[in-house]
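One structure is given below, encoded as structure tokens.
Given the structure is predicted, the values throughout are model-derived calculations rather than measurements.
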Amino acid sequence: MNIEEKKKRIDELSERLNEASRAYYADGIEIISNFEYDEMYDELLALEDETGYIRDDSPSINVGYETAAGLPKVVHEYKMLSLNKTKDRDELAAWLGDKEGLLSWKLDGLTVGITYENGRLVQGVTRGNGIEGELITANVLACRNVPRTIPHKGRVIVRGEAVIRYSDFEKINESIDDTDARYKNPRNLCSGSIRQLNPEVTAERMVNFYAFTLTLSEGYETKSRREKMEWLKSQGFDIVHYEMVDADNLFDVIDEYEKSIASFDIPSDGLVLTLEDAEYAGTLGETAKYPKDSIAFKWRDQQAETVLREIEWSPSRTGLLNPVAIFDPVELEGTTVSRASVHNINIMEELRLGIGDSIRVFKANMIIPQISENLTKSGNLEIPGSCPVCGGEARIRDEDGTRTLHCLNPLCMAKQVKKFEHFVSRDALNIEGLSESGLLKLIGVGAVSEYADLFKLARHREDIVKLEGFGGKSFDNLVASAKKASDTTPARLLYGLGVPGIGVANSNMIARACHNKWSDMESLDEEALKDIDGVGDVLARDYAKFFADDANRQTVKELLEVLSLDESYEAAGTALEGKTFVITGSLEHYANRKDLKAEIEAEGGRVAGSVSANTDYLITNDPNSGSSKNRTARELGVEIITEDEVRSMLGK
């Protein structure tokens, strides 16, 4: 390239990288992978060094992201710069030289500065663009582990990373019924949770804060970075895990960190090396973008070359069909990989993927398989015009420039995944380890199309073990769970079928009324149903209509061939007959309120959702609470009892 072509390429790279940063930091959207970003960034640096041409908005001289419009702006007392980085161990060792350093996790969340005065938290600010950030004090106070007060009374400024743990992230996503509405990764969710106007959201999203540096501590002085970290711990902060390193042990400590990645619960995209001698470090100064006393070490992505064999269009319950690359198995970071999500049609076309292409794959942050490069770029893929699940019409949609494929058939089996999720749920057949995403994968490969198929998965072992999230051990566990679930009760089967209006309580009542005989339950007519306490006209009509339907009867017939029903019957107890209970707060002896409710109803009691004049007992493990239910119970003279007291009434 001549000089003008190089300048043009610098313009292209700067604009593309800035666009990716805005999407990532401000909107929580990943439009290019970390691998692609790093490749483009390194190319930009090389071209800028070669030509001397650096744009005012170049990512090489600007930090972070522009602050959001809805939050007040705060100029940092001390600039919050990003870190220079390397993926080369020898380069990292050369940077450290004969000095001692602290090697810690580089957490992947949102960098935050917190100020304390007279022992009280008075300000929380995001990094923003390094010069000014967003004022988020209320949100910082809502973080799970941020101390509101500290023992030290001098002015203190602490910096750290706000993060959402992987385990908490999974719990948050599991609580969202719509798979496509679930969050993509904990980093983006954390950024959105802490940079918004309602601190209650921050608390609900289980955001944690891990301190990684002490910027200012009036009245406490030390030249040791290690001592500063330990001092922060003594003040009540959770700190980023660190190890002391020097030229002799640096590589060994890096190896130990690498071994920990698979089990580390906090998102991380590398390590940070900081000089231990704070006094010496203070003499080094900084560049326009980086401090010179610290450097980031990013994992060098292990890559493998393989051959693309097919694109599998993985379904979702909204009809979205996600392209997944299937390739010859390769070893990456100690595991065998044969699949990688391509995310959308834009990325698929940008990579110019084609069947038989030679591609390079890697694990982003040593965890998530992705395609880094297409070496042959045949571009011979045809986007299907029909859904691979149901055969119905599939059409491309363009939403703000992102092109995706969707099934248009409202009766597509994938769109009915909710009924399968209900069928395997805890109160129904209770097949453990089978989430909505797992069900969609089983439906996508044709292993499941009817309820009974869930108990015949062994015949699809070869296809299922290749799916992401499955494997030999997971598959065996799933088959064992289904086998265990096949020994069930009529009440569970009735609830699992999803008869309109029939919940857990009604299922148990109908089963008891029929003395647990499934044939009697299945053949109930409207009049017989209305004789059962709690069953009204509408419920009776819908129930009878459900079991009169030929397709539903066939479904039940197929299930009875694979299930073993325990139809034994014991008359219900009467210990709590005629008594109405309301349950509030957390429980100690039961996994959830439904379990306690079932025991109360088995002894003739009734459980209501709210306290009224008809309530006999309010069950709570916090009788002195000021909650609305406790207040109402006291006002109405309703007796307040503990979980242990109701267990005594149940004969426990």
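Listed by first and then second residue, the ring-ring contact (aromatic ring centres under 6.0 Å, His included) pairs that reach into residues 454-493 come to none, sequence neighbours excluded.
Separation of atoms CD1 (I164) and CG (D265) is listed at 12.0 Å; rounding is to 0.5 Å. The OG atom of S167 sits 7.0 Å away from atom CD of E170, with the distance rounded to the nearest 0.5 Å. Taking SG of C143 as the reference point, atom CZ of R205 lies at 12.5 Å (rounded to 0.5 Å). Atom SG of C412 and atom NE2 of H406 lie 13.0 Å apart (nearest 0.5 Å). Here the CD1-SG distance, from I443 to C390, works out to 11.5 Å after rounding to the nearest 0.5 Å. A distance of 5.0 Å separates OG1 of T488 from CG of L429, quoted to the nearest 0.5 Å.
Minimum interatomic distance between S193 and V207 (heavy atoms only, all atoms of both residues): CB-CG2, 4.1 Å. Minimum interatomic distance between G501 and N506 (heavy atoms only, all atoms of both residues): O-ND2, 3.3 Å. Of all the heavy atoms in E645 and T642, the pair that sits closest is OE1-N, 2.7 Å. Closest non-hydrogen pair, R459 versus K456, comes out as CG-O, 3.0 Å.
Looking only at side-chain heavy atoms (C-beta outward), R593 and L587 come within less than 4.5 Å of each other. Within the 4.5 Å cutoff, the side chain of Q303 has heavy atoms near those of the S372 side chain. Looking at heavy atoms from C-beta onward, F327 lies out of side-chain contact with V307 at the 4.5 angstrom threshold. Looking at heavy atoms from C-beta onward, I396 lies out of side-chain contact with T404 at the 4.5 angstrom threshold. Using a 4.5 Å heavy-atom cutoff, the side chains of I641 and M649 are in contact. Between I502 and L497, every side-chain heavy-atom pair lies at or beyond the 4.5 Å cut-off. At a threshold of 4.5 Å between non-hydrogen side-chain atoms, the residues L439 and L434 count as touching. A 4.5 Å side-chain heavy-atom check between D520 and H515 finds every atom pair outside the cut-off.
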_Working for side chain to side chain contact (heavy atoms under 4.5 Å, CB included), residues D168 and N208_ = CA-CA 10 Å; D168 292 330; N208 285 276; 4.1 Å; yes
*After noting the C-alpha distance and the side-chain angles of R395 and E393, does the key distance pass the salt bridge (Lys or Arg N to Asp or Glu O under 4.0 Å) rule?*
CA-CA 7 Å; R395 188 177 300 169; E393 183 184 357; 2.8 Å; yes
*Walk me through it: do L107 and V240 pass the test side chain to side chain contact (heavy atoms under 4.5 Å, CB included)?*
CA-CA 8 Å; L107 302 185; V240 176; 3.8 Å; yes
*Stepwise side chain to side chain contact (heavy atoms under 4.5 Å, CB included) check, L596 with L650*: CA-CA 10 Å; L596 176 54; L650 289 163; 4.2 Å; yes
*Apply side chain to side chain contact (heavy atoms under 4.5 Å, CB included) to the pair N552 and V499, showing each step before the final yes or no.*
CA-CA 10 Å; N552 292 334; V499 180; over 6 Å; no
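A salt bridge between D269 and R187 is absent, with no side-chain N of the basic residue lying under 4.0 Å from a carboxylate O of the acidic one. Ionic pairing of E312 and R339 is present here: one or more N-O contacts between side-chain nitrogen and carboxylate oxygen are shorter than 4.0 angstrom. A salt bridge is absent between D427 and R492; no separation between the charged side-chain nitrogens and carboxylate oxygens falls under 4.0 Å. R541 has no carboxylate O lying under 4.0 Å from a charged side-chain N of D525, or vice versa, which leaves the two without a salt bridge.
Residues satisfying the side-chain contact (heavy atoms from CB on, under 4.5 Å) criterion with K473, sequence neighbours excluded, are N477. The ring-ring contact (aromatic ring centres under 6.0 Å, His included) check on H422 picks up Y495, with sequence neighbours excluded. For A608, the side-chain contact (heavy atoms from CB on, under 4.5 Å) test picks out T580, V582, R606, with sequence neighbours left out. Residues satisfying the side-chain contact (heavy atoms from CB on, under 4.5 Å) test with K419, not counting sequence neighbours, are Q416, Y451. Partners of H241 according to the side-chain contact (heavy atoms from CB on, under 4.5 Å) rule, which considers only residues two or more places apart in sequence or in another chain, are W105, E243, Y257.
Checking side-chain atoms of T615 against main-chain N and O of Y617 turns up no donor-acceptor pair under 3.5 Å. Of the possible polar contacts, none joining the S268 side chain to the D108 backbone as a donor-acceptor pair under 3.5 Å is found. Between the N409 side chain and the L411 main chain, a donor and an acceptor come within less than 3.5 Å of each other. At distances below 3.5 Å, at least one donor-acceptor pair connects side-chain atoms of N346 with backbone N or O atoms of R403. No donor-acceptor distance shorter than 3.5 angstrom exists from the side chain of E558 to the backbone of A452, with no hydrogens or angles considered.
Heavy atoms of other residues, nucleotides or ligands lying less than 6.0 angstrom from CD of E382 number 12 at most.
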